[in-house]
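What follows is a set of notes on a single structure, which appears directly below.
FYI, side chains are in, hydrogens and waters are out, and symmetry mates aren't considered; it's all heavy atoms of this structure. What you see is a predicted model, and the numbers here were worked out from it, not measured in a lab.
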Amino acid sequence: MPHDAPHRTPDSSRRQADPDQPLVPGRARIAALDVIRGFALCGIVLVNVRPIAAMGGFLPPAPAGADDGFAWLGLLTELRFFPIFALLFGIGFQLLLRSASNRAARPRLLLLRRLLALLVVGLAHHVLLWQGDILTVYAVVGLVVLLPSTWLPRWAVAGLAALLIAAAVIAAGGQVSLVPGLFLLGSALVRYGVVDRLELSTRVPAVVGLVLAAGAAPAVWWQTRQLGDMGGADFNRAMTLAGVLIAGVYICALLIVLRTPLRPALQAVFAPLGRMALTNYLAATVLVLAAAHLLGGPPDTWSRATVLAITGAVLTAEWLFSTLWLRRYQQGPLEWLWRWATWARRPALRRIG
């Protein structure tokens, strides 16, 4: 469809070789997406440390006043990074479809294989390591919602995204209920050309960020009023609404900072983690479980300092590994296997030259 044609931008200096496609001259990835993905991964690891260590999937809500420090930390972290990850999945899915449509006779077959491969990985992660795995949900929702949406016009995808996100907030369904709407929102952003223009303006993310922040402030206040009833419908509804809005604020803030001299620092810190997000997401489970074995004791008794220390150690190890790995290879080991499954042919892994 003409309105879904890729938007060409002259700002190719802000892009890098795309390791998520067969590497050919002229193919590029939007660098800001790697930074945002790496930033979201850091927050997800922080939020998941105690649930992973508990090995039961999720910790039960703490009694009112029993863990005020974590409750207030949760205002900045709980359900604040997951929406970013889900949105980016929808964006990446649509970008791959656009790329595959130019080079494959049956591009949706590639996407089907990609989702089925993710389902296998997610089920293995769920069964063997952690019951709170989200990859299985991503794969199933991708198969049921995201893949069929590729036959719909972009206005229908955008409208469904808005309806599903609103329904998730009203129903107080939590993070899983947000996945379909966020997937479709990410897809719509690509089809309307927003993602192609992501790094071309400071004013747009500033205005959008201010609007989202204005909505997030009362949502966070509403959530604080419900801290004594964690797990209740009103608390979940407030947390879901605040989470989506604050996630948007975080994205806008990163886009603004990327337009400043701090851009190289953000890329150095977050891009390696973001380019190997699948590898690092799964590796974090193993590292947290190892840390829990060494520390011992129930994770719900860990202090904030302990949780932050574990998070810092895990992310530092992953950053070092990712940085060193990407100097020699084009993408992470699991990303490489995922691309192999997607394209049904073995891609190059080592860097050339």
Side-chain angles (χ1 to χ4, degrees), residues 1 3-7 18 20-21 29-41 43-44 79-101 107-108 110-111 114-115 118 134-135 137-169 175-199 204-205 208-209 212 240 243-252 254-255 274-275 277-278 281 335 338 342:
M1 291 180 291
H3 57 246
D4 285 340
H7 177 83
D18 186 352
D20 202 30
Q21 304 175 22
R29 69 187 293 145
I30 302 172
L33 296 180
D34 287 328
V35 173
I36 296 170
R37 188 179 293 108
F39 171 79
L41 177 72
I44 287 172
L79 204 62
R80 278 37 173 174
F81 301 99
F82 167 82
I84 300 176
F85 233 61
L87 180 72
L88 290 174
F89 189 91
I91 289 173
F93 186 91
Q94 189 63 40
L95 287 174
L96 179 59
L97 174 61
R98 189 172 71 181
S99 174
S101 296
R108 289 179 179 85
L110 273 68
L111 297 174
R114 188 169 183 82
L115 291 170
L118 184 65
I134 196 63
L135 299 180
V137 175
Y138 276 22
V140 171
V141 174
L143 290 168
V144 175
V145 176
L146 198 51
L147 186 56
S149 76
T150 60
W151 279 279
L152 297 176
R154 62 181 186 176
W155 62 264
V157 173
L160 280 173
L163 288 174
L164 289 174
I165 292 173
V169 172
Q175 65 177 20
V176 173
S177 68
L178 283 169
V179 173
L182 291 171
F183 275 12
L184 293 179
L185 177 59
S187 175
L189 290 176
V190 175
R191 295 176 69 173
Y192 275 95
V194 175
V195 172
D196 290 302
R197 299 187 293 271
L198 205 58
E199 298 191 69
V204 172
V208 173
L212 292 174
T240 303
V244 171
L245 294 173
I246 292 177
V249 172
Y250 286 165
I251 292 173
C252 291
L254 286 171
L255 292 176
R275 290 183 62 184
L278 179 61
Y281 172 77
E335 285 76 11
W338 198 17
T342 299

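- Between Gly142 and Pro148, the shortest heavy-atom distance links the atoms O-CD, 4.2 Å.
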Using side-chain contact (heavy atoms from CB on, under 4.5 Å), reason through Ile91 and Ile30 one step at a time and then give a plain yes or no. CA-CA 11 Å; Ile91 289 173; Ile30 302 172; over 6 Å; no

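- Two residues are said to be in side-chain contact when any heavy atoms from C-beta on lie closer than 4.5 Å; Leu79 and Ile246 fail this criterion.
- The nearest pair of heavy atoms linking Thr240 to Ala168 is CG2-O, 4.3 Å.
- Taken to the nearest 0.5 Å, the CG atom of Leu254 stands 13.0 Å off from the CZ atom of Arg37.
- Residues satisfying the side-chain contact (heavy atoms from CB on, under 4.5 Å) test with Leu160, not counting sequence neighbours, are Leu152, Leu184.
- At least one side-chain heavy atom of Val195 sits under 4.5 Å from a side-chain heavy atom of Leu33.
- Proximity of a side-chain donor or acceptor of Ser149 to a complementary backbone N or O of Leu146 within less than 3.5 Å is detected.
- For the side-chain contact (heavy atoms from CB on, under 4.5 Å) test, no residue two or more places apart in sequence or in another chain qualifies with Ala166.
- For Phe81 and Tyr250, the ring centers sit closer than 6.0 Å to each other.
- Residues Ser187 and Gln94 come closest through the heavy atom pair OG-OE1, 2.8 Å.
- Checking side-chain atoms of Ser101 against main-chain N and O of Leu97 turns up a donor-acceptor pair under 3.5 Å.
- Taking the side-chain contact (heavy atoms from CB on, under 4.5 Å) definition, one finds that Val141 meets it with Val137, Val145, Val179, Pro180, Phe183, sequence neighbours left out.
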Might you work through the side-chain contact (heavy atoms from CB on, under 4.5 Å) test for Leu278 and Leu135, ending with a clear yes or no? CA-CA 9 Å; Leu278 179 61; Leu135 299 180; 3.8 Å; yes

When you look at Ile84 and Leu87, which way does the side-chain contact (heavy atoms from CB on, under 4.5 Å) test go after all the steps? CA-CA 5 Å; Ile84 300 176; Leu87 180 72; 5.8 Å; no

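- The CG atom of Leu118 sits 5.0 Å away from the CZ atom of Phe89 when rounded to the nearest 0.5 Å.
- Arg80 is linked by a salt bridge (Lys or Arg N to Asp or Glu O under 4.0 Å) to nothing, counting only residues two or more places apart in sequence or in another chain.
- Remark: Tyr281 engages His125 in a ring-ring contact (aromatic ring centres under 6.0 Å, His included) (not counting sequence neighbours).
- Counting only distance, with no hydrogens or angles, the side chain of Arg114 and the backbone of Leu96 share no donor-acceptor pair below 3.5 Å.
- Nearest heavy atoms, Arg98 versus Asp196: NH1-OD2, 2.9 Å.
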Could you walk me through whether Leu182 and Phe85 satisfy the side-chain contact (heavy atoms from CB on, under 4.5 Å) test, starting with their C-alpha distance in whole Å, then the side-chain angles of each, then the deciding distance to 0.1 Å, before giving a yes or no? CA-CA 9 Å; Leu182 291 171; Phe85 233 61; over 6 Å; no

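- Shortest non-hydrogen contact noted between Ala161 and Leu185 is CB-N, 3.5 Å.
- Remark: Val244 engages Leu178 in a side-chain contact (heavy atoms from CB on, under 4.5 Å) (not counting sequence neighbours).
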